[in-house]
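Below you'll find the structure, written out as structure tokens, and then a few comments.
Heavy-atom basis, side chains included; hydrogens, waters and symmetry copies ignored. Position 1 is the first residue of the sequence; numbering continues from there.
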Amino acid sequence: MDLRDRIAQALKQAMKDREQARLATLRLINAAIKDQEIAARGSDDAPALGDTEIRAILAKMVKQRNESVRAYEEGGRVDLAERERAEIAVIEDFLPRQLTAEEIKAAIDRAIADVGASSIRDMGKIMGKLKERHAGQMDFGTVGPQVKDRLG
């Protein structure tokens with residue numbers, strides 16, 4: 001079952017179970033996917049989004065919510081931070097397992113070896129390789145500095 005079908009099934013189940021918070025988050029996911037498809041419709045032969053593109057959308061949603069959690073906690077709004085965390089948990093149900101620190105280090109090493117990177121100029125190639133292999137499995141905002149340290 002592809003990711004879009006899993007999301008649709010979860011949405012139906014949330015409706016049956018009357019889980020309002022989960023249902024609202026799943027509707028946000030569907031809206032984000034539809035927005036992306038509409039934006040891609042500029043060309044007549046735009047295909048439907050695949051699992052990779054949907055995972056990228058979900059990863060972006062998680063990142064946005066993590067930033068919101070930080071902002072809410074700094075502002076003393078713990079209730080709103082908890083709501084964002086609940087949304088993150090629902091979204092992460094559809095993402096692959098996050099890599100551990102050791103796995104991220106090994107993935108960086110493998111990408112550097114595959115690209116044949118020797119300097120900081122190869123950073124774009126390495127990040128591209130990591131995004132291709134590990135979309136949704138790591139936070140590329142924190143991985144970037146790690147790659148830079150390895151190359152520097």
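- V62 and V69 fall within a single hydrophobic cluster, where Ile, Leu, Val, Met, Phe, Trp and Tyr side chains are chained together by heavy-atom contacts under 4.5 Å.
- For the 3.5 Å distance criterion, the side chains of D17 and Q13 qualify, holding a donor opposite an acceptor.
- In the hydrophobic clustering of this structure, L95 groups with L11; members are Ile, Leu, Val, Met, Phe, Trp, Tyr whose side-chain heavy atoms approach within less than 4.5 Å, directly or through other members.
- At a threshold of 4.5 Å between non-hydrogen side-chain atoms, the residues L151 and I126 count as touching.
- One hydrophobic cluster, built from ILVMFWY side chains closer than 4.5 Å, holds both I88 and I54.
- Taking every heavy atom of both residues into account, Q98 and D139 meet most closely at OE1-N, 4.4 Å.
- Using a 4.0 Å cut-off between a side-chain N of Lys or Arg and a carboxylate O of Asp or Glu, E92 and R97 do not qualify as a salt bridge.
- Environment of CZ in R18: sparse, with no more than 12 heavy atoms of neighbouring residues, nucleotides or ligands closer than 6.0 Å.
- Put simply, F140 and I112 are part of the same group of oily side chains (I, L, V, M, F, W, Y) that touch within less than 4.5 Å, one to the next.
- The CZ atom of R22 sits 13.0 Å away from the CZ atom of R27 when rounded to the nearest 0.5 Å.
- In the hydrophobic clustering of ILVMFWY residues, with side-chain heavy atoms under 4.5 Å counting as a link, L80 and L28 come out apart.
- Atom CZ of R55 has more than 12 heavy atoms from other residues, nucleotides or ligands within 6.0 Å.
- Annotation: the span from R65 atom CZ to R70 atom CZ amounts to 13.5 Å, rounded to 0.5 Å.
- The CD1 atom of I108 lies 9.0 Å from the CG atom of D149; values are rounded to the nearest 0.5 Å.
- Separation of atoms CG (L3) and CG (L58) is listed at 6.0 Å; rounding is to 0.5 Å.
- Nearest heavy atoms, A107 versus H134: CB-NE2, 3.5 Å.
- At a threshold of 4.5 Å between non-hydrogen side-chain atoms, the residues D109 and K105 count as touching.
- Not a single donor-acceptor pair under 3.5 Å links the side chain of R110 to the backbone N or O of L130.
- With hydrogens and angles ignored, the 3.5 Å screen pairs a side-chain donor or acceptor of D2 with a backbone N or O of D5.
- Annotation: the span from K34 atom NZ to E37 atom CD amounts to 7.0 Å, rounded to 0.5 Å.
- Residue R83 qualifies as open at atom CZ: its count of foreign heavy atoms under 6.0 Å is 12 or below.
- In terms of heavy-atom proximity, I57 sits nearest to I33 at CD1-CA, 4.1 Å.
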Next on the checklist: Determine whether M123 and K148 satisfy the following criterion, side-chain contact (heavy atoms from CB on, under 4.5 Å), listing intermediate values before the conclusion.
Outcome noted: CA-CA 7 Å; M123 178 136 175; K148 195 178 282 187; 4.1 Å; yes

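- At least one side-chain heavy atom of L26 sits under 4.5 Å from a side-chain heavy atom of F94.
- Expressed to the nearest 0.5 Å, how far OG1 of T100 lies from CD of E102 amounts to 4.5 Å.
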Next on the checklist: For a salt bridge (Lys or Arg N to Asp or Glu O under 4.0 Å) check, start with the C-alpha distance between E84 and R77, then their side-chain angles and the critical distance, and finish with the verdict.
Outcome noted: CA-CA 11 Å; E84 294 292 321; R77 297 296 310 263; over 6 Å; no

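- Considering only heavy atoms from C-beta on, Y72 stays 4.5 Å or farther from V78 through its side chain.
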